[in-house]
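Reviewing the structure listed below.
In what follows, every heavy atom counts, from backbone to side chain, and hydrogens, waters and symmetry copies are set aside. Proteins get letters first, then strands, A, B, ... in listed order; numbering begins at 1 in each.
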Amino acid sequence: QLQLQESGSGLVKPSQTLSLTCAVSGGSISSDDDSWSWSWIRQPPGKGLEWIGYIYQSGSTDYNPSLKSRVTISVDRWKNQFSLKLTSVTAADTAVYYCARTDYYFDYWGQGTLVTVSS
Amino acid sequence: DIQMTQSPSSLSASVGDRVTITCRASQSISSYLNWYQKKLGKAPKLLIYAASSLQSGVPSRFSGSGSGTDFTLTISSLQPEDFATYYCQQSYSSPLTFGGGTKVEIK
């Protein structure tokens, strides 16, 4: 059974960079034909879900235009993990951040990690 | 961006009730529509993909229908474990977008 687990700093100061990693176990992050990708999704407190972006094991990425200027998603196939960096954070970036496997849907999710932006 | 609008935003229902949630896309998305169940403190759970395909392990009381711009999630007989927030999500084009959610509460 595929499992995903987020890790990273739970508290980030305004203007700094949020960094999270998603470790994938029970399966490989790689696929022969890029049949799936790996996404980051967030949910601010009391609000809905927002897709941040995804990466294929080949390294190809796609980002939400609303965050594109501040987001970088990378993949480490050897460690079977992928990562999120979000720069210049503000309080509006406070959210639970999820990683998820992506086909045309998000079928496997991490448990989520709360990141609070505060001085 | 494709906007996804869910209605109602919340509803109250009793165990055993039939519940219907609708999702409307701002443009045609064919059948690229998925439904998720979200409980407090838990990750979203995929229920329905491609508008009407039941994800493995999901009870058959959940069903989805629709194509184009209008979609429906139906719970045929609401169970206690079904009280949650439900989200639709389009995968027709980037950026991938979610509806605002429908909170199903106990009546």
*Determine whether more than 12 heavy atoms belonging to other residues, nucleotides or ligands lie under 6.0 Å from atom CZ of B/F62.*
yes

_Under 4.5 Å from any heavy atom of chain A - which part of B/Y36_ = side chain

*Find out whether B/Y49 and A/Y104 are in side-chain contact, i.e. whether some heavy atom of one side chain is under 4.5 Å from a heavy atom of the other.*
no

*CG on B/L96 to OH on A/Y54, rounded to 0.5 Å*: 6.0 Å

*Side chains of A/Q43 and B/Y87: does their closest heavy-atom pair fall under 4.5 Å?*
yes

*Shortest non-hydrogen contact from A/W51 to B/F98?*
N-CE1, 4.1 Å

*asked:* Atom NZ of residue position B/K42 - does it have more than 12 heavy atoms of other residues, nucleotides or ligands inside 6.0 Å?
replied: no

_ILVMFWY cluster, A/L20 and A/L11 together (side-chain gap under 4.5 Å)_ = no

*asked:* Does B/R24 have more than 12 heavy atoms from other residues, nucleotides or ligands lying within 6.0 Å of its CZ?
replied: no

_Exercise: identify the closest heavy-atom pair between B/A43 and A/G110_ = CB-O, 3.1 Å

_At a 4.5 Å cut-off on heavy atoms, which part of A/L114 comes close to chain B: side chain, backbone, both, or neither?_
neither

_To the nearest 0.5 Å, what is the distance between NZ on B/K38 and CG on A/L49?_
7.0 Å

*Interatomic distance, A/W109 atom CH2 to B/L46 atom CG [nearest 0.5 angstrom]*: 9.0 Å

_Is A/D107 in contact with chain B via its backbone, its side chain, both, or neither, using a 4.5 Å heavy-atom distance?_
both

*Examine distances only and state if a side-chain atom of A/Y105 and a backbone atom of B/Q55 form a donor-acceptor pair shorter than 3.5 Å.*
no

*asked:* As an exercise: rank A/Y98, A/Y108, A/F106 by heavy-atom pairs under 4.5 Å with chain B and give me the winner.
replied: A/F106

*Is it true that B/Y86 and B/I106 fall in one hydrophobic cluster, defined by side-chain heavy atoms closer than 4.5 Å?*
yes

*Tell me whether A/F82 is reachable from A/L2 by hopping between hydrophobic residues (I, L, V, M, F, W, Y) whose side-chain heavy atoms are closer than 4.5 Å.*
yes

